[in-house]
Amino acid sequence: MSHLKKELKTSNMLLDWYKTNKRALPWRESSDPYIIWISEIILQQTRVAQGMDYFYRFTERFPDVASLASAEEDEVLKYWQGLGYYSRARNLHAAAKSIMDKFGGVFPSEYKDVLSLKGIGEYTAAAIVSFVWNKPYPVVDGNVFRVLSRLYAVDTPIDTTSGKKQFTELAGIVMNPEKAGAHNQAVMEFGALQCVPQNPDCEACPLKECCMAYASHTVQSFPVKQNKTKTRPRYFHYLYIIYKGQTWLSRRGKKDIWEGLYEFPLIETEQPADFAALQETDAFRHLFDGAGKLNVSVDIPEIKHVLSHQVLHTAFYRVEIEKISDALNSYLAVPYKDIERYAVPRLVHIYLEKLNGNLSE
DNA sequence: AACCCGGGGAA
DNA sequence: TTCCCAGGGTT
C-alpha cells in the first residue's frame, strides 16, 4: 500500500480542482447515509440531470429507512416510474427491510455490511462509507476508469475482470486515504466535468503535465473497451381493452424487462405483424374467445421504443368488447381512470399521453 | 466470463 | 447513429 509522492500530488491537485469546480448538488448537503444511499442508487448509470427530480420526490415520500421499509413495493416502483433499471427500486425496498431486520433500523457503517445489502455493489459500498464516514475505500465508476486510464495510459479493457481488478488497485494507490471521501468525489466530478468522454479540453486541464495519454496524444483512445453491445428487435402488440369503464392490466414477471411494472395484455410475435396477422394468432383468439364482437381502433401509429439491448416495435390497439372473456379473468381488472395509479413502462406512459392528447383535440 | 436490465442526453 | 451515464445481479 505505497502512497507515493507523485500520487499524493495528483490527489491534491484533484482536491484543489474539486474545491473550486464542484457542482452544488442536494445530496452533497447531507451526511445522512440514507440520503447518500438513495442518491447513489438513482445515479447508477443515470445522469445527474435525469435523476434530480426523482431524488427530490423519492426522499420526500420516503425520508428514512423506516418509511421506505414499511411501504408497498408497488408504491416504491411508482416513484421510480420512467427512470429505468427498475431492479434498483425493488432492491432499495428489500435492502430497507433488511436494515430494519438485521441492523436494527440503523444504516450500517461497516463496508462488508453495506456491501451485503441488495443493490449495493463494490462501487456503491465504497461511495457510501467514504462519503459519510471518510473510510479509505476507493470508488471505481465510469469516471474513475476514464480518468485513471488516461492519466496512466492503462490499456487494459475496463469491462473485464482483470481490468476491474487493476483499476481498483490503481484507484487505491492514487487515493489519499486520509481524505478518501473528498478524493473519491473529486475524481468522479473531474471525470464528469473536465476529463469527459468526447473531446475533452486538455489544454485547460490542471493535470495535463502528468497525464501520460496527453503526453502521447492518445487521450481519445482511452479507456479501452472490449465488448460491443448488440440489439435485437421485438414486436409488441398491446391490447387496451375497454368494457364498461374498465380495462385489464398485468404485472410483468421475472427474467425479462420491466419486472414488477404493469402493462396492458401483451401479445409478442417473432416477426412484424399487422392487425390482420395478429388476429390469426392463438394468443389473440384465446384472449378474446367469448368476448363477442370486437370494436377495434388504432389511435396512434406504431411506436419504436429503444432500449440498451432491444428495439421494441410496438402497436397499441384499443378494443371495445361486448362480454368479458374467460381469458381476461387471469388479468387485473382496473377502472381505466385508475391506470395512473400503477407503475407502467415509459412506453405505455407515452401511449396514454398521446391517447389523452387525441381525445382532448 | 457473458449476459441482462431503461431511458435519455450529447456529439 | 454512437457513446455512455456516481453499476449490479444472474447464470
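Chain letters run A, B, ... following the sequence lines, proteins first and then strands; every chain starts at 1.
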Going 5' to 3' through nucleotides 4-11 of chain C and flagging B where a protein heavy-atom sits under 4.0 Å of the base, S where only the sugar-phosphate is that close, and - otherwise, we get BBBBSS-S

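Straight-line distance from the NE2 atom of His349(A) to the C1' atom of dG8(B): 15 Å, rounded to whole Å. Distance, Leu83(A) CG to dG9(B) P: 12 Å, rounded to whole Å. The distance between atom CG of Leu307(A) and atom P of dG8(B), rounded to the nearest whole Å, is 10 Å. The distance from atom NZ of Lys230(A) to atom C1' of dC3(B) is 8 Å, rounded to the nearest whole Å. Between Gln81(A) atom CD and dG6(B) atom P the separation is 13 Å, expressed in whole Å. Rounded to a whole Å, the CD1 atom of Ile42(A) is 14 Å from the C1' atom of dG7(B). Atoms CD (Gln226(A)) and P (dC3(C)) sit 15 Å apart, rounded to a whole Å. Nucleotide dG9(B) holds its P atom 18 Å from the CG atom of Leu193(A), rounded to whole Å.
Comparing dG6(B) with dC5(C), their C1' atoms are spaced 12 Å from each other, to the whole Å. Separation of the C1' atoms belonging to dC4(C) and dC5(B) is 15 Å when rounded to the nearest angstrom. dA10(B) and dA6(C) have their P atoms separated by 12 Å, with the value rounded to a whole Å.
Through ILVMFWY side-chain contacts below 4.5 Å, Val106(A) is grouped with nothing and stands alone.
In this structure, Trp258(A) reaches the dG7(B) phosphate: one of its side-chain N or O atoms is under 4.0 Å from OP1 or OP2. Contact between the side-chain N/O atoms of His309(A) and the OP1/OP2 oxygens of dG6(B) is not found at any separation under 4.0 Å.
With sequence neighbours excluded, no residue satisfies side chain to side chain contact (heavy atoms under 4.5 Å, CB included) with Lys165(A). The side chain to side chain contact (heavy atoms under 4.5 Å, CB included) test applied to Cys211(A) returns Arg150(A), Leu151(A), Ala213(A), Tyr214(A), not counting sequence neighbours. In this structure, the side chain to side chain contact (heavy atoms under 4.5 Å, CB included) partners of Pro206(A), at least two apart in sequence or on a different chain, are Met13(A), Trp17(A), Phe190(A). The side chain to side chain contact (heavy atoms under 4.5 Å, CB included) search around Leu261(A) returns Leu77(A), Tyr86(A), Trp258(A), Ala343(A), Pro345(A), not counting sequence neighbours.
Between Gly82(A) and Asp159(A), it is Asp159(A) whose nearest contact on DNA chain B lies nearer the 5' terminus.
Across all their heavy atoms, Ser98(A) and Leu117(A) have their closest contact at OG-CD2, 3.9 Å.
Taking a 6.0 Å sphere around CD of Glu340(A), one finds it holds 12 or fewer heavy atoms contributed by other residues, nucleotides or ligands.
In this structure, Asp256(A) reaches the sugar-phosphate backbone alone: every heavy-atom distance under 4.0 Å involves primed, P, OP1 or OP2 atoms, never a base.
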